[in-house]
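One structure follows; several queries about it will come next.
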2 protein chains.
Amino acid sequence: MDNLANKEFNPLKLENQLCFTIYAASRLMTRQYQPYLDQLGITYPQYLVFLVLWEKDGIGVNEIGCKLYLNTNTLTPLLKRMEQLSFIKRTKCCQDERKVRIYLSEKGKNLKEEAKNIPLEMAKSLNCSVEKAMCLKNELEILINQMLK
Amino acid sequence: MDNLANKEFNPLKLENQLCFTIYAASRLMTRQYQPYLDQLGITYPQYLVFLVLWEKDGIGVNEIGCKLYLNTNTLTPLLKRMEQLSFIKRTKCCQDERKVRIYLSEKGKNLKEEAKNIPLEMAKSLNCSVEKAMCLKNELEILINQMLK
DNA sequence: TTAATTTGCATCGCAAGCGACATAAATAAG
DNA sequence: CTTATTTATGTCGCTTGCGATGCAAATTAA
């Protein structure tokens with residue numbers, strides 16, 4: 001980039017921060033989803049929990065946390081709210097009384113059908129092809145894997 | 001990608017979500033900064049405010065908000081905490097009594113020196129060259145600009 | 001000049017996130 | 001068998017983020 005070649009690179013400039021760009025993109029992305037999620041009556045983190053449960057129902061709190069990189073101190077209250085809204089059911093596991101299994105209710109299962117068009121509508125509104133999105137996703141995953149080390 | 005060509009693409013799979021990857025990257029990035037910011041006694045959003053103020057001191061709440069895409073209902077409490085920690089001073093503007101100008105204190109100015117190595121140390125710990133980071137940043141900015149429309 | 005509108009900041013309430021810590025069940029060590 | 005440790009989840013307190021709303025100063029319209 002001309003930027004790097006010609007002028008001195010100032011590492012403390014906001015415009016040179018990858019971290020801020022990711023932070024801003026994340027918040028704006030949540031905002032972008034909101035009108036769609038409002039229709040379903042759920043929040044963005046709740047949507048992520050649904051994505052996990054729609055793939056695999058009846059898993060534990062910790063397993064959800066592993067997939068979303070969230071700890072139980074975040075998930076427990078979140079799941080309780082989802083239970084309040086009768087999207088899920090939290091049940092103690094018989095074999096291991098410590099574990100709490102999370103099961104989708106009918107209402108929670110039915111939401112999948114209503115949500116199924118959201119990703120492609122989002123891609124459209126972002127003017128981003130699936131290929132381009134997956135490419136960007138892969139680059140970010142390299143970063144994520146570095147941070148998980 | 002083989003992925004796209006060979007199997008059916010399931011848009012509701014967590015692993016196919018760009019949005020989740022950005023969300024995860026953002027939280028992990030904040031976590032990655034934390035040991036460095038802890039040493040300075042500041043949080044990540046406060047660090048972003050510092051980046052803005054180190055570039056231009058004495059600006060209004062709204063101007064900070066424009067740069068960080070944050071509204072006053074987030075910034076006002078955040079700035080009050082920063083004032084409590086005596087990093088900044090909030091002063092009513094003479095010409096326009098509605099405006100509150102934010103000025104760095106000596107303590108706030110001195111922090112810049114202590115922070116100056118953070119970006120490059122982060123890049124190192126992320127195993128990410130400046131060029132690669134700026135490239136990824138540019139791609140994310142295209143997305144951001146779409147979302148700001 | 002007076003009234004209506006806009007602008008800049010703030011307050012309130014709520015949902016995340018997360019560090020620090022608590023608790024009970026399961027497991028391992030003695 | 002009893003004690004120590006680990007595991008799975010939960011509570012508490014704090015900072016963000018943000019929608020809805022409030023409010024006073026500034027600006028515009030009438």
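Each chain gets a letter, A, B and so on, in the order the sequences are listed, and its residues count up from 1.
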### Query
Would a hydrophobic clustering, with Ile, Leu, Val, Met, Phe, Trp and Tyr connected at side-chain separations under 4.5 Å, put B:Ile144 with A:Leu126?
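In one cluster: yes.
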#### Entry: Under 3.5 Å donor-acceptor, B:Gln17 side chain and B:Pro11 backbone
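Yes; judged by distance alone, with no hydrogens or angles, the pair exists.
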Could you pull out every donor-acceptor pair under 3.5 Å between side chains of residues 60-75 of chain A and any protein atom, sequence neighbours left out?
residue: A:Glu63; atom: OE2; partner: A:Lys56; partner atom: NZ; Å: 2.8

### Message
How would you summarise protein contacts on nucleotides 16-29 of chain C per nucleotide, using B for base, S for sugar-phosphate only and - for none, with heavy-atom distances below 4.0 Å?
### Response
SBBBB----BS---
### Message
Distance check needed: C:dA10 C1' versus B:Ile102 CD1, whole Å only.
### Response
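Whole-Å distance recorded here is 12 Å.
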### Query
For residues 95-109 of chain A, which residue pairs qualify under side-chain hydrogen bond (donor to acceptor under 3.5 Å, both in side chains), counting only residues two or more places apart or in two chains?
A:Asp96-A:Arg98
### Query
What does A:Arg101 touch in the nucleic acid at a heavy-atom separation under 4.0 angstrom: a base, only the sugar-phosphate, or nothing?
nothing
### Task
State, yes or no, whether a side-chain contact exists between B:Glu139 and A:Glu139 at a heavy-atom distance under 4.5 Å.
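Contact flag for B:Glu139/A:Glu139 side chains = yes.
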Result block: side-chain N/O donor-acceptor pairs under 3.5 angstrom for residues 38-55 of chain B, not counting sequence neighbours:
residue: B:Thr43; atom: OG1; partner: B:Gln46; partner atom: N; Å: 3.3
residue: B:Tyr44; atom: OH; partner: A:Cys19; partner atom: O; Å: 3.3
residue: B:Gln46; atom: OE1; partner: B:Thr43; partner atom: N; Å: 3.2
residue: B:Trp54; atom: NE1; partner: B:Gly108; partner atom: O; Å: 3.1
residue: B:Glu55; atom: OE2; partner: A:Leu14; partner atom: N; Å: 2.8

### Message
In this structure, would A:Ile22 and A:Ile142 fall into the same cluster of hydrophobic residues linked by side-chain contacts under 4.5 Å?
### Response
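They do not share one cluster, since no chain of ILVMFWY contacts under 4.5 Å joins A:Ile22 to A:Ile142.
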### Query
Taking atom C1' of C:dA10 as reference, at what distance in whole Å does atom CD of B:Glu83 sit?
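These atoms are roughly 14 Å apart.
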### Task
Please find the earliest and latest nucleotides of DNA chain D, in the 5' to 3' direction, that have an atom within less than 4.0 Å of any heavy atom of chain A.
D:dT7 to D:dG19
### Query
Any side-chain hydrogen bond (donor to acceptor under 3.5 Å, both in side chains) pairs touching residues 110-129 of chain B, not counting sequence neighbours?
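Counting only pairs at least two positions apart or across chains, the side-chain hydrogen bond (donor to acceptor under 3.5 Å, both in side chains) contacts touching residues 110-129 of chain B are B:Gln32-B:Ser125, B:Glu113-B:Lys116.
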### Query
So does B:Lys80 get a side-chain nitrogen or oxygen closer than 4.0 Å to the phosphate oxygens (OP1/OP2) of C:dT11?
yes
